[in-house]
There are 2 protein chains.
Amino acid sequence: MQLSSTSRYAIRILSYMAKQKDTQHINATVLAEVLSIPYKFLTKIMTELVNAGFLISIRGREGGYAFLKESSEIKIHDILVVFNDAIEDKQCVLGIGFCKGNDIKEKKCALHDQWEDSKEVLQKMFKESSIEDITKEGIKL
Amino acid sequence: MQLSSTSRYAIRILSYMAKQKDTQHINATVLAEVLSIPYKFLTKIMTELVNAGFLISIRGREGGYAFLKESSEIKIHDILVVFNDAIEDKQCVLGIGFCKGNDIKEKKCALHDQWEDSKEVLQKMFKESSIEDITKEGIKL
DNA sequence: TTTAAATACTACCTAAAGGTAGAATTAATC
DNA sequence: GATTAATTCTACCTTTAGGTAGTATTTAAA
């Protein structure tokens, strides 16, 4: 029960980039090094972050990546959506296709009520926390 | 961000078994059928549930599985531990090995504070809910 | 204009999760 | 005692996530 490592990498990357406010853009070699992420895997993730519209890439020599969206506008939830790691509203903790929620009592799954509460706390956290929010001085990435 | 399907199967199996109070024991063929779990995969899980001490197996003709532990004594958390799906106390949402929690501010990861709250809600749910608790009339498995 | 340093694309490799197959073992019933 | 219905063991197959390799493309600097 945890986020995929791809999602975790992505969050750390964006959070680190947000911390470097003074820098115009930053390249993959540096990111891979400071964040201890395999270079080739990181570039794959970067391309997805560009395609998702969070970043722009500057190609060629002296190139790199920079924010397209404001870091305050990028919520953790948005990142999880890109990497298929978000908790769907209707998602049931015990599986798919047999829990029909509160409508009909018969169709509730065994953990339905307990999960509803936890799910809301998690979703709230992911939907309300932006990259800017989680990027404070003194944190480790 | 969800439980492994193995864990979900295991919870559903135990929950279904707990519902059949009058039945002494129940066999794999029936379980696989009513729960729509591939028979061969189910038997693999059953063996793990036996080895974990939740169930006993009755081998040979007319055999099957029965509870060894009381269903009220089997917490969801215990099941998740068996299938390496539990949330560790120290587990950080952004990865392993770089978030040292509240001790030193410098070592907190970017989502530390937000995750702490959610983690506690989840852990509480998993640690306090027993198989008996989640096995109520009118629920779908 | 060449070179070097960067991203992008395509294809593949590896490990783990999910799932399957078949034979061995066990024990009640005929 | 033979048969049958059950669990168990060992080994393998398939899919997906995580990761790697190599080449093409882009562009600033020399």
Side-chain angles (χ1 to χ4, degrees), chain A residues 1-13 17 23-33 35-68 79-80 82-86 94-97, chain B residues 1-13 17 23-68 79-80 82-86 94-96:
Chain A
M1 188 80 178
Q2 72 168 346
L3 297 178
S4 69
S5 59
T6 307
S7 296
R8 285 184 276 132
Y9 284 155
I11 295 167
R12 288 173 60 214
I13 292 164
M17 286 181 67
T23 325
Q24 238 93 45
H25 61 273
I26 187 165
N27 72 45
T29 310
V30 171
L31 286 172
E33 199 139 308
L35 297 172
S36 303
I37 301 173
Y39 172 80
K40 281 291 195 176
F41 193 38
L42 178 131
T43 57
K44 207 174 186 176
I45 295 171
M46 295 313 281
T47 302
E48 293 189 76
L49 294 175
V50 169
N51 290 338
F54 300 145
L55 302 176
I56 48 162
S57 63
I58 299 108
R59 296 187 64 167
R61 186 166 177 163
E62 303 291 298
Y65 301 93
F67 279 102
L68 176 58
I79 301 167
L80 300 187
V82 171
F83 298 101
N84 293 312
D85 221 357
L94 286 190
I96 303 152
Chain B
M1 188 81 180
Q2 72 168 348
L3 297 178
S4 70
S5 58
T6 308
S7 296
R8 285 185 275 132
Y9 284 155
I11 294 167
R12 288 174 60 212
I13 292 164
M17 287 180 67
T23 324
Q24 240 92 47
H25 62 272
I26 187 165
N27 71 45
T29 311
V30 171
L31 286 173
E33 199 139 307
V34 297
L35 296 174
S36 303
I37 301 172
Y39 172 80
K40 282 290 195 177
F41 193 39
L42 178 130
T43 57
K44 206 175 187 176
I45 294 170
M46 295 313 282
T47 304
E48 294 189 76
L49 293 175
V50 169
N51 291 337
F54 300 145
L55 303 176
I56 48 161
S57 63
I58 300 109
R59 296 187 65 165
R61 186 167 175 161
E62 303 292 299
Y65 301 92
F67 278 102
L68 176 59
I79 302 166
L80 300 187
V82 171
F83 298 101
N84 293 313
D85 221 358
L94 286 190
I96 304 153

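What you see below is based on every heavy atom in this structure, not just the backbone, and it leaves out hydrogens, waters and symmetry mates. Proteins come first, then strands; the chains are lettered A, B, ... in the order of their sequence lines, and each starts at number 1.
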(request) Compute the angle between the rotation axes at the two ends of the helix from dT1(C)-dA30(D) to dC30(C)-dG1(D), each taken over five pairs, rounded to 10 degrees. (result) 20°

(request) Starting from the 5' end of DNA chain D, give me the residue, Asn27(B) or Ser4(A), whose nearest nucleotide shows up first. (result) Asn27(B)

(request) State, to 0.1 Å, how close His25(A) and Glu62(A) come at their nearest heavy-atom pair, and which atoms those are. (result) NE2-O, 2.8 Å

(message) Classify Thr43(A) by what it touches in the nucleic acid, base, sugar-phosphate, or nothing, heavy-atom distance under 4.0 Å.
(response) nothing

(message) Expressed as a whole number of angstroms, how long is the span from Arg8(A):CZ to dG18(D):C1'?
(response) 11 Å

(message) Minimum heavy-atom separation for Ala10(A) and Leu49(A), please, with both atom names.
(response) CB-CD2, 4.3 Å

(message) Looking at dA17(D), I'd like to know if its phosphate oxygens (OP1 or OP2) sit under 4.0 Å from a side-chain N or O belonging to Thr6(A).
(response) no

(request) Please determine which of Ser36(B), Pro38(B), Ser4(B) meets the side-chain contact (heavy atoms from CB on, under 4.5 Å) test together with Tyr9(B). (result) Pro38(B)

(message) Within the 4.5 Å heavy-atom criterion, are Leu3(B) and Phe83(B) side-chain neighbours or not?
(response) no

(request) Scan nucleotides 24-30 of chain C nucleotide by nucleotide, 5' to 3', and note B when protein non-hydrogen atoms come under 4.0 Å of the base, S if they reach only the sugar-phosphate, - if neither. (result) -BBBB--

(message) As an exercise, state the distance from CG of Leu55(A) to OH of Tyr65(A), rounded to the nearest 0.5 Å.
(response) 8.5 Å

(request) Could you pull out the closest heavy-atom pair between Asp85(A) and Ser7(A), with the gap in Å? (result) OD2-OG, 2.8 Å

(request) Look at the side-chain N and O atoms of Tyr9(B) and state whether any lies under 4.0 Å from the OP1 or OP2 oxygen of dA17(C). (result) no

(request) Tell whether Lys40(B) reaches the base of dG18(C) with its side chain through a donor-acceptor pair below 3.5 angstrom. (result) no

(request) List the atom of Ile56(B), the atom of Val50(B), and the distance in Å for their closest heavy-atom pair. (result) C-CG2, 4.3 Å

(request) Identify which one of Ile26(A), Thr43(A), Ile45(A) satisfies the side-chain contact (heavy atoms from CB on, under 4.5 Å) criterion when paired with Leu31(A). (result) Ile26(A)

(request) Starting from C1' on dG18(C), measure out to CZ on Phe83(B) and report it in whole angstrom. (result) 13 Å

(request) Rounded off to whole Å, could you give me the CG-to-C1' distance for the Leu42(B) and dT8(D) pair? (result) 14 Å

Identify each atom pair where a protein N or O and an N or O of nucleotides 10-12 of chain D are less than 3.5 Å apart, giving names and distance.
none

